[in-house]
Amino acid sequence: MSPPRVGAGRPARSIAAACGATLALLLPAVGPAEPLPSPLTDAQIPRIVALGPWPPPVVPDPSYRVAGLPAAVAFGQRLFNEPALSANGRIACASCHQAARGFSDGLARGQGLQRGDRNTPGLLNVGGQRWFGWDGANDSLWAQSLRPLLDPREMGGSLGSVAQAVRTTPALRAGYRAAFGEPPGADDERVAVDAAKALAAYQATLRSGRTPFDQFRDAVARGDREAAARYPPAAQRGLAIFVGRGRCWVCHGGPNFSNDEFHDIGRPHFAEAGRVDPGRHGGIRALQASRYNLLGPFNDDLTRATATSTRHVALEHRHWGEFKVPSLRNLALTAPYFHDGSAATLRDVLRHYSELNEERLHADGERLLVPLRLGDAEIDDLLAFLDTLN
Ligand code: HEC
Ligand code: HEC
C-alpha cells in the first residue's frame with residue numbers, strides 16, 4: 001500500500017478549515033479545484049500542525065530555585081565538563097554527552113568506569129521533558145543529573161566526594177557562590193544536590209534550532225502553499241506515512257516528537273544473556289524509592305504542584321519492557337539507536353517497524369503497532385522526512 005500521490009489531496013481551502021477560521025481569510029484566491037501540492041491528505045493536516053511550533057516556549061521549572069539563572073547556567077556548564085567530580089578524576093558528563101554528537105557518545109552503550117546497559121541519549125531539548133532516563137527513573141532534570149555522579153558504572157562518586165570537589169576546587173567554589181549566593185556549606189547532600197541543580201540549569205539551555213520541517217509545518221499552518229511546496233517531495237511522502245498508515249505520530253507526537261510516555265515496541269530487552277532490562281517497571285520502582293524525587297525534601301517548589309505526575313504513577317505488569325519514546329529531532333547526530341544501541345542506523349530502526357515481530361508485543365493495552373511491510377522506496381521516503389528534523 002502506498003500513500004496517495006500528488007493530485008489525491010484535498011483543496012487547500014480545507015487546510016485553513018482544519019487550522020482555524022482566520023486562515024480561510026488568508027486564502028481567498030484558492031479555488032476548491034486546486035489540490036494540495038503534496039501526497040498529504042487534509043485529515044493529516046492537524047497532525048502535522050501539532051508537530052510544532054518550534055521552538056516551544058521555555059516552561060519555568062519551579063522544582064529547583066536556580067532554574068534559568070545565568071550564574072547557575074555558567075556554574076552548571078563548568079561542572080558538566082569537570083572530571084574532578086568522578087571517582088578516578090577522568091570522567092566528566094561531557095565524556096559521554098559530547099556536544100558535537102548532540103550530547104551523545106556514538107557508542108551502543110554508555111562507557112564510564114564500567115560499561116552500562118543503555119545507550120547514552122542526546123541532551124538537546126532535554127529541558128522540557130517530564131521523565132528522564134530510558135525508564136523514567138527520575139522526574140526532574142536535577143535528580144537525573146545527580147544519578148551519574150553517584151552511579152558506580154558512570155562517575156562512581158559519593159555525595160561526600162562531590163561536595164568535597166565543589167568545596168576545594170577554587171573555580172567550582174566560586175561558581176557555587178555565584179549561583180547560590182553563599183559558599184558551599186558543610187552538608188554534603190545539600191551541596192551535591194545543588195551541584196545537580198546547577199547542572200540542570202545548564203542542560204535546560206541546550207536547545208536545537210529550527211529545521212526544514214519546522215518551516216514546512218508553519219507554512220501548512222498558515223496555509224502558505226508556495227512556501228509548503230519548497231519542502232522536498234520525498235520528505236512529504238515520508239511525512240504522509242508518518243502521520244498516516246505508519247501511525248508514528250501517535251507516540252512520536254508534539255513539537256519534540258515524543259508523547260513523553262513509555263511503550264513496548266517489541267525490541268528484545270536483554271541487558272545481557274540471562275539478565276533482562278525491566279525498562280519502565282524498574283524505572284517506576286526506582287522513582288518511588290528515590291529520596292530525590294519531586295515528592296521528597298529537595299523539591300524547591302513548596303506547593304508540590306510539580307509532583308502531581310509522580311504522585312499518580314502506578315506500577316503495573318504492562319510496564320515490563322516499556323521504554324521512553326525518544327525525540328526524533330537531530331537523529332543524524334545520535335546514532336546508534338534504541339535504549340540499548342541495538343540499531344546501528346535509522347534504516348535498521350525502520351526495518352524493525354517494517355518487520356516487527358508481533359509475538360513480542362504486549363498482548364494487553366491498545367495495539368498501536370503492526371508490521372508495516374514498508375517497501376524500499378517508502379523507507380527512503382521516511383529517511384528523507386527524518387532528515388528534515390536535523
Ligand atoms: C558513562 C557515560 C555517562 C556519563 C559520564 C554521564 N551520562 Fe548521562 N546518560 C548516560 C546514559 C547511558 C543515560 C541513559 C540512562 C538510563 O536510561 O538509565 C544517560 C541519561 C542522561 C540524562 C537523561 C536524558 C533523557 O532524555 O532522559 C541526562 C539529563 C543526563 N544523562 C545527564 C548527565 C549529566 C548531567 C552527567 C554528569 C553529571 C552525565 N549525564 C554523565 C551516560 C552517561
Ligand atoms: C507505540 C509507540 C510508538 C510508535 C507507534 C512508534 N514508535 Fe518509534 N519509538 C517508540 C519507543 C518506545 C522507542 C524506544 C524503544 C527502545 O529504545 O527500546 C522508539 C524509538 C524510535 C527511534 C529511535 C530513536 C533513538 O533515539 O533511539 C526512531 C528513529 C523511531 N522510533 C521512529 C519511529 C517511526 C518512523 C515510527 C513509525 C513508523 C515509529 N517510531 C512508531 C515508540 C513508538
Side-chain angles (χ1 to χ4, degrees), residues 76 79-83 85-86 91-97 103-105 107 109-127 129 131-138 141-151 153-157 162 195-196 199-200 202-203 206 238 241-242 245-253 257-259 261-269 277 279-280 282-283 286 321-328 330-331 334-343 346 348-350 352-354 361 365-369 372 374 382-383 385-386:
L79 289 168
F80 195 84
N81 292 287
E82 181 54 72
L85 297 175
S86 66
I91 302 169
C93 310
S95 310
C96 298
H97 297 287
F103 296 89
S104 66
D105 57 13
L107 304 173
R109 301 184 186 192
Q111 175 72 53
L113 290 173
Q114 299 159 34
R115 196 173 96 122
D117 290 340
R118 297 198 182 140
N119 178 256
T120 304
L123 298 182
L124 290 170
N125 313 312
V126 74
Q129 300 187 53
W131 307 113
F132 300 85
W134 283 104
D135 58 3
N138 286 293
L141 190 47
W142 52 269
Q144 177 68 36
S145 300
L146 187 61
R147 188 196 60 86
L149 293 168
L150 310 180
D151 189 320
R153 293 168 309 175
E154 296 192 19
M155 297 168 72
V162 171
L199 280 163
Y202 164 61
Q203 293 167 89
L206 306 176
I241 302 173
F242 192 86
R245 79 172 184 98
R247 291 205 275 185
C248 318
W249 65 281
V250 176
C251 298
H252 297 283
F257 290 82
S258 166
N259 61 5
E261 286 299 339
F262 301 81
H263 290 277
D264 166 34
I265 61 162
R267 294 299 290 176
H269 52 105
D277 183 334
R280 182 60 174 150
E322 287 184 349
F323 292 90
K324 192 169 70 179
V325 177
S327 168
L328 302 182
N330 312 301
L331 288 172
T334 59
Y337 307 100
F338 289 139
H339 71 274
D340 54 359
S342 56
L346 288 174
D348 294 340
V349 170
L350 297 179
H352 166 78
Y353 287 110
S354 185
L361 291 171
E366 191 190 352
R367 273 310 277 283
L368 289 167
L369 291 165
L372 293 174
L374 298 165
L382 271 167
L383 290 172
F385 160 62
L386 292 174

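Bear in mind the structure is a predicted one, so any value in this text is a computation, not a measurement. For ligands, and for the atoms within them, numbers begin at 1 and follow the listed sequence.
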Could you list the donor-acceptor pairs under 3.5 angstrom formed between side-chain atoms of residues 116-126 and any protein atom two or more places apart in sequence or on another chain?
from	atom 1	to	atom 2	distance (Å)
Asp117	OD1	Arg275	NH2	3.1
Asp117	OD2	Arg275	NH1	3.0
Arg118	NE	Asp277	OD2	2.8
Arg118	NH1	Asp135	OD2	3.1
Arg118	NH2	Asp135	OD2	3.3
Arg118	NH2	Asp277	OD1	2.8
Arg118	NH2	Asp277	OD2	3.3
Asn119	ND2	Leu107	O	3.0
Asn119	ND2	Ala108	O	3.1
Asn119	ND2	Pro336	O	3.4
Thr120	OG1	Asp105	OD2	2.7
Asn125	OD1	Ser208	N	2.9
Asn125	ND2	Ser208	OG	3.0

Study note, to complete from the structure: Per-atom filter on ligand 2: closer than 4.0 angstrom to a heavy atom of Leu350 are 35 (C)

Practice item. Specify whether Phe242 and Phe385 have parallel, tilted or perpendicular ring planes, treating 30° as the upper limit for parallel and 60° as the lower limit for perpendicular. Key: tilted

Study note, to complete from the structure: So the atoms of ligand 2 within less than 4.0 Å of a heavy atom of Arg247 turn out to be 5 (C)

Exercise for review: Give, for atom CZ of Arg247 and atom CG of Leu372, the distance between the pair rounded to the nearest 0.5 Å.
Suggested key: 9.0 Å

Check your understanding: By number and element, which atoms of ligand 1 are closer than 4.0 Å to a non-hydrogen atom of Leu149?
Key -> 38 (C)

Review point. Where is the nearest protein heavy atom to atom 16 (C) of ligand 2: which residue, which atom, and how far?
Key: His339 ND1, 3.4 Å

**Study point:** Residue pair Gln203 / Leu141: nearest heavy atoms and the distance that separates them
**Key:** CB-CD2, 4.1 Å

Practice item. Give the total of protein N/O/S atoms at a distance below 2.8 Å from atom 8 (Fe) of ligand 2. Key: 2

Revision key, fill the gap. Output for pair (Leu382 CG, Ile241 CD1), nearest 0.5 Å, gives 4.5 Å

Point to revise | Residue pair Leu374, Arg245: steps toward the side-chain contact (heavy atoms from CB on, under 4.5 Å) verdict | key: CA-CA 10 Å; Leu374 298 165; Arg245 79 172 184 98; 3.6 Å; yes

Exercise for review: Assess whether side-chain contact (heavy atoms from CB on, under 4.5 Å) is satisfied between Leu206 and Phe103, documenting all intermediate values.
Suggested key: CA-CA 9 Å; Leu206 306 176; Phe103 296 89; 3.7 Å; yes

Exercise for review: Drop me the distance from Lys324's NZ to His263's NE2, to the nearest 0.5 angstrom.
Suggested key: 13.0 Å

Check your understanding: Looking only at heavy atoms, is any part of Thr334 under 4.0 Å from ligand 2, and if so is it the side chain, the backbone, or both, or is it neither?
Key -> neither

Exercise for review: Between Phe385, Phe242, Tyr337, flag the one that comes closest to atom 25 (C) of ligand 2 by a heavy atom.
Suggested key: Tyr337

Check your understanding: Once you round to the nearest 0.5 Å, how far does CG of Leu199 lie from CG of Leu79?
Key -> 5.0 Å

Exercise for review: Please check if the side chain of Arg280 supplies one atom and the backbone of Gly136 the other of a donor-acceptor pair under 3.5 Å.
Suggested key: yes

Check your understanding: What class does the angle between the rings of Phe323 and His339 fall in, given that below 30° is parallel, 30 to 60° is tilted and above 60° is perpendicular?
Key -> parallel

Review point. Which heavy atom of the protein is the closest neighbour of atom 18 (O) of ligand 1, given with residue, atom name and distance?
Key: Arg118 NH1, 2.8 Å

Check your understanding: Any idea which atoms of ligand 1 are less than 4.0 Å away from a heavy-atom of Leu141?
Key -> 29 (C)

Review point. Going by heavy atoms, is Asp264 under 4.0 Å from ligand 2?
Key: no

Review point. Does ligand 2 have any atom sitting under 4.0 Å from a heavy atom of Lys324?
Key: yes

Revision key, fill the gap. Here atom 8 (Fe) of ligand 1 sees protein N, O or S atoms within less than 2.8 Å, and their number is 1

Review point. What do you reckon, does Asn119 have a nitrogen or oxygen under 3.5 Å from a nitrogen or oxygen of ligand 1?
Key: no

Point to revise | Per-atom contacts of ligand 2 with Leu346, taking only distances under 4.0 Å to non-hydrogen atoms | key: 29 (C)

Check your understanding: Does Leu368 reach ligand 2, in the sense of a heavy atom lying below 4.0 Å from it?
Key -> yes

Review point. Would you say Gly136 contacts ligand 1, with heavy atoms under 4.0 Å as the rule?
Key: no

**Study point:** Any Trp134 heavy atom less than 4.0 Å to ligand 2
**Key:** yes

Check your understanding: What pair of heavy atoms forms the shortest contact from Gly76 to Tyr202, and how long is it?
Key -> C-CB, 3.6 Å

Revision key, fill the gap. Any heavy atom of Leu369 under 4.0 Å from ligand 2? The part involved is side chain

Practice item. Find all atoms of ligand 1 within a distance of less than 4.0 Å from any non-hydrogen atom belonging to Ile91, and give their numbers and elements. Key: 5 (C)

Review point. How long is the gap from CD on Glu154 to CD on Gln114, to the nearest 0.5 Å?
Key: 10.0 Å

Review point. Can you tell me which residue and heavy atom of the protein come closest to atom 32 (C) of ligand 1, and the distance to 0.1 Å?
Key: Gln203 OE1, 3.3 Å

Practice item. Mark up the atoms of ligand 1 that fall under 4.0 Å of a heavy atom belonging to Gly133, in ascending order. Key: 17 (O), 23 (C), 25 (C), 27 (O)

Point to revise | Those residues that, when tested against Arg109, pass salt bridge (charged side-chain N to carboxylate O under 4.0 Å, His left out) (two or more places apart) | key: none

Review point. Any idea which atoms of ligand 1 are less than 4.0 Å away from a heavy-atom of Ala92?
Key: 5 (C)

Check your understanding: CG of Leu113 to CE of Met155: how many Å apart, nearest 0.5 Å?
Key -> 9.0 Å

Review point. By number and element, which atoms of ligand 2 are closer than 4.0 Å to a non-hydrogen atom of Leu372?
Key: 38 (C)

Check your understanding: Hey, does Phe80 have a side-chain heavy atom less than 4.5 Å from the side chain of Ser145?
Key -> no

Practice item. Look at the side chain of Tyr337 and the backbone N and O of Leu331, then say whether any donor-acceptor pair between them is shorter than 3.5 Å. Key: yes

Point to revise | Polar side-chain atom of Ser258 near backbone of Val325 as donor-acceptor pair, under 3.5 Å | key: yes

Check your understanding: atom 12 (C) of ligand 2: which protein heavy atom is closest, and how many Å away?
Key -> Phe323 O, 3.3 Å

Check your understanding: Does His352 reach the side chain of Phe338, with side-chain heavy atoms less than 4.5 Å apart?
Key -> yes

Exercise for review: Just jot down the ligand 1 atoms closer than 4.0 angstrom to any heavy atom of Gly112, in number order.
Suggested key: 1 (C)

**Study point:** Considering all heavy atoms, the nearest Leu369-Leu361 contact
**Key:** O-CD1, 3.8 Å

Exercise for review: Check for a donor-acceptor pair, side chain of Thr334 on one end and backbone N or O of Ser104 on the other, with a separation under 3.5 Å.
Suggested key: no

Check your understanding: Among protein heavy atoms, which lies nearest atom 27 (O) of ligand 2, and at what distance?
Key -> Phe338 N, 2.7 Å

Review point. Any non-hydrogen atom of Gln129 lying under 4.0 Å from ligand 1?
Key: yes

**Study point:** Over all atoms of both residues, closest heavy-atom pair of Asp348 and Ala343
**Key:** CB-CB, 4.0 Å

Exercise for review: Report the nearest protein non-hydrogen atom to atom 26 (O) of ligand 2: residue, atom name, distance rounded to 0.1 Å.
Suggested key: Leu331 CD2, 3.7 Å

